[in-house]
Amino acid sequence: MDIQLSSYGAASTQPSPVTRMMAAFTSTFRDGFYINLGVGFVNEKTIPVAGLDEAMQAIANDPVTYRQAFNYGSSAGASHLIAAIRRFLLRTTLGQLDAATLDRNRIVIGPCGATSLLDALAEVLKPGIVITSDPMYYIYADTLERKGFEVLAVPEDSEGLDHEALHSKLHELGGRVHDISFFYVITVNNPSCTILSNQRRRRLYSAAAGISERLGRRVPIFFDLAYEWLLHDPHVGPMASVLPEDELGIAYEIGTFSKVIAPALRMGYLLGPDGPFLQAMIQKTSDTGFSAPPFVQEMAAYLLDRGMESQLSAVNAGYREKALTVRAAIEEHLGPCLAECRGGSAGFYFYLTMKNVETHSASTFFRALTEPAQDRPRVIYIPGEYCVHPRGDLKHVGRRQLRLSYGFESASDIVRALVLMREAAQ
């Protein structure tokens with residue numbers, strides 16, 4: 001006799017391909033010997049451990065200012081943190097937001113990082129077609145499809161989701177354009193780290209606005225800023241939000257402190273126009289068990305108000321140094337095999353397309369790197385077959401692609417892994 005499951009529950013009984021692959025690799029993982037280029041962990045050297053300790057002590061020792069820091073929190077988020085985010089956004093050039101824009105929008109805090117906000121979107125929005133880029137954020141795309149959404153993955157070019165390809169896809173939908181639920185765009189794409197240009201950002205907003213007007217309802221567009229604060233290439237200009245120009249009230253931004261402070265804070269926020277959608281998101285947070293723990297929100301607020309700019313600079317300096325080292329090693333060891341290399345200007349991924357070498361999980365290349373051997377470390381990466389939509393335009397080229405993370409492992413170990421990749425390619 002089986003327990004009856006929902007359609008989502010039934011779809012979740014089988015782990016995703018990436019989950020299976022990583023579980024198989026990590027079950028025998030030897031830290032300090034095997035090299036994990038697949039995991040999306042941050043550079044631990046950039047985590048401000050001393051600052052986190054100072055923030056924790058300040059909160060614990062001041063029960064007047066932080067009166068409910070260790071109690072249950074609110075559904076919308078701690079007022080101290082919301083105010084600190086606003087101050088930080090106004091102090092920096094991140095997004096180029098002004099006070100008037102922040103005044104007419106609202107900030108709410110999720111229960112457990114940006115991922116919890118993404119999950120909530122799929123709970124409160126009507127299932128339908130979700131437009132996103134290809135390569136896609138495979139973890140969320142898989143979640144959406146298990147929840148009954150249809151992912152329409154549009155190939156990207158050097159500026160992000162290709163607007164011409166988008167128009168073609170919309171034309172192919174015909175009457176099914178009425179089934180579009182929302183747009184989901186990562187401004188520094190995961191897995192490719194392609195940077196969404198300011199012009200392309202506005203064209204995508206215009207596309208969502210045009211569909212909204214055509215359908216007579218708001219079709220929201222969500223910009224995921226997970227890696228936008230990790231813009232470490234000095235030759236790339238600042239990214240500009242569309243929120244100041246959002247007359248229809250359809251644009252939202254999802255931000256996180258995981259990449260610039262610490263992932264363990266599990267701190268994400270949603271910024272956008274108030275209304276029924278945002279109220280539903282707040283209720284979903286309440287249903288989950290309130291927003292993130294109050295003491296964690298207070299810690300984030302404390303750090304945002306005290307030297308966050310220097311922390312951000314230090315984080316980006318660390319990633320810039322590693323990006324340059326790893327990019328040079330990619331050219332040295334894999335250059336003759338490469339058709340394309342994306343990334344290296346923001347975030348901490350490189351996305352490689354090989355000329356003739358297949359990289360999928362059944363390939364000789366993959367097995368040569370991941371199978372146990374006595375005299376060399378095993379190396380894991382994310383095969384491109386998991387990064388592109390299985391029914392999309394890139395499903396064939398994805399078999400020759402891979403995502404390489406330079407966030408977690410040391411630069412020397414990554415270079416060592418690239419030497420092994422060269423041997424596997426040969």
Side-chain angles (χ1 to χ4, degrees), residues 7-25 37-40 115 118-119 121-122 127-157 160-162 165-166 168-174 176-177 179-186 189-194 222 224 339-340 342-343 349-367 369-370 380-405:
S7 56
Y8 170 73
S12 300
T13 57
Q14 295 298 321
S16 70
V18 173
T19 300
R20 290 197 300 270
M21 180 192 74
M22 294 301 290
F25 181 81
L37 305 183
V39 69
T115 303
L118 294 177
D119 184 66
L121 297 183
I129 297 171
V130 178
I131 296 173
T132 192
S133 61
D134 204 6
M136 60 188 183
Y137 180 29
Y138 50 89
I139 295 174
Y140 190 44
D142 180 69
T143 299
L144 287 170
E145 294 195 328
R146 281 186 280 122
K147 287 180 176 287
F149 288 83
E150 177 184 344
V151 173
L152 179 61
V154 181
E156 66 177 16
D157 59 19
L161 194 155
D162 188 336
L166 172 61
S168 296
K169 294 286 187 184
L170 293 175
H171 179 73
E172 292 171 7
L173 282 178
R176 295 191 63 225
V177 73
D179 295 332
I180 293 176
S181 181
F182 63 92
F183 284 67
Y184 173 67
V185 183
I186 308 180
N189 195 18
N190 179 4
S192 67
C193 271
T194 298
F222 297 96
D224 189 332
E340 184 182 33
R342 292 192 179 185
Y349 302 126
F350 282 106
Y351 195 70
L352 310 183
T353 303
M354 310 293 270
K355 290 178 181 176
N356 301 306
V357 177
E358 293 196 331
T359 60
H360 56 83
S361 58
S363 67
T364 304
F365 179 82
F366 182 87
R367 292 199 307 271
L369 291 167
T370 59
I380 192 70
Y381 59 84
I382 302 295
E385 66 175 334
Y386 301 145
C387 300
V388 301
H389 198 280
R391 296 180 299 279
D393 297 348
L394 304 182
K395 62 182 179 181
H396 296 300
V397 71
R399 293 171 63 84
R400 294 185 285 108
Q401 295 179 324
L402 63 94
R403 191 196 77 176
L404 179 159
S405 171

Interatomic distance, Leu118 atom CG to Leu144 atom CG [nearest 0.5 angstrom]: 8.5 Å
Shortest non-hydrogen separation from Thr359 to Leu402 and the atoms involved: CG2-CD2, 3.9 Å
Ion pair check, Lys169 and Asp393, cut-off under 4.0 Å: yes
Residue list, ring pair (Phe, Tyr, Trp, His ring centres under 6.0 Å) with Phe366, at least two apart or on another chain: Tyr381
Close side-chain approach of Pro127 and Lys147, heavy atoms under 4.5 Å: no
Note, Leu152 side chain near Ile180 side chain (heavy atom, < 4.5 Å): no
Residues which pass salt bridge (Lys or Arg N to Asp or Glu O under 4.0 Å) with Arg399, listed by chain and number, not counting sequence neighbours: Glu358
Taking every non-hydrogen atom, the tightest pair across Ala339 and Lys355: N-CG, 3.7 Å
Least distance between heavy atoms, Ala141 atom then Met136 atom: CB-SD, 3.6 Å
Listed partners of Tyr349 passing ring pair (Phe, Tyr, Trp, His ring centres under 6.0 Å), at least two apart: Tyr227
Rounded distance (nearest 0.5 Å) linking atom OG of Ser405 with atom CZ of Phe350: 10.5 Å
Sequence-distant partners of Tyr138, ring pair (Phe, Tyr, Trp, His ring centres under 6.0 Å), two or more places apart: none
Atom pair OG1 (Thr132) and CD1 (Ile186), whose distance is rounded to the nearest 0.5 Å: 6.0 Å
Shortest non-hydrogen contact between Asp162 and Val154, atoms and distance: O-CG1, 3.8 Å
Side-chain donor/acceptor of Asn189 to backbone N/O of Thr194, under 3.5 Å: no
Ser192 versus Arg342, side-chain donor and acceptor atoms under 3.5 Å: no
Rounded distance [0.5 Å steps], CG in Leu166 versus OG in Ser133: 11.0 Å
Interatomic spacing from CD1 in Ile129 to CZ in Phe183 - rounded to 0.5 Å: 10.5 Å
Nearest atoms (heavy-atom pairs only) where Arg403 meets Gly40: NH2-N, 4.0 Å
Check against side-chain contact (heavy atoms from CB on, under 4.5 Å), Ile131 and Leu170: CA-CA 10 Å; Ile131 296 173; Leu170 293 175; 3.8 Å; yes
From CD1 (Ile380) to CG (Leu369), nearest 0.5 Å: 8.5 Å
Residue list, side chain to side chain contact (heavy atoms under 4.5 Å, CB included) with Val397, at least two apart or on another chain: Thr353, Leu394, Arg400, Gln401
Any donor-acceptor N or O pair under 3.5 Å, side chains Tyr386, Ser361: yes
Shortest non-hydrogen contact from Val177 toward Leu173: N-CB, 4.0 Å
All ring pair (Phe, Tyr, Trp, His ring centres under 6.0 Å) counterparts of Tyr184, not counting sequence neighbours: Tyr140
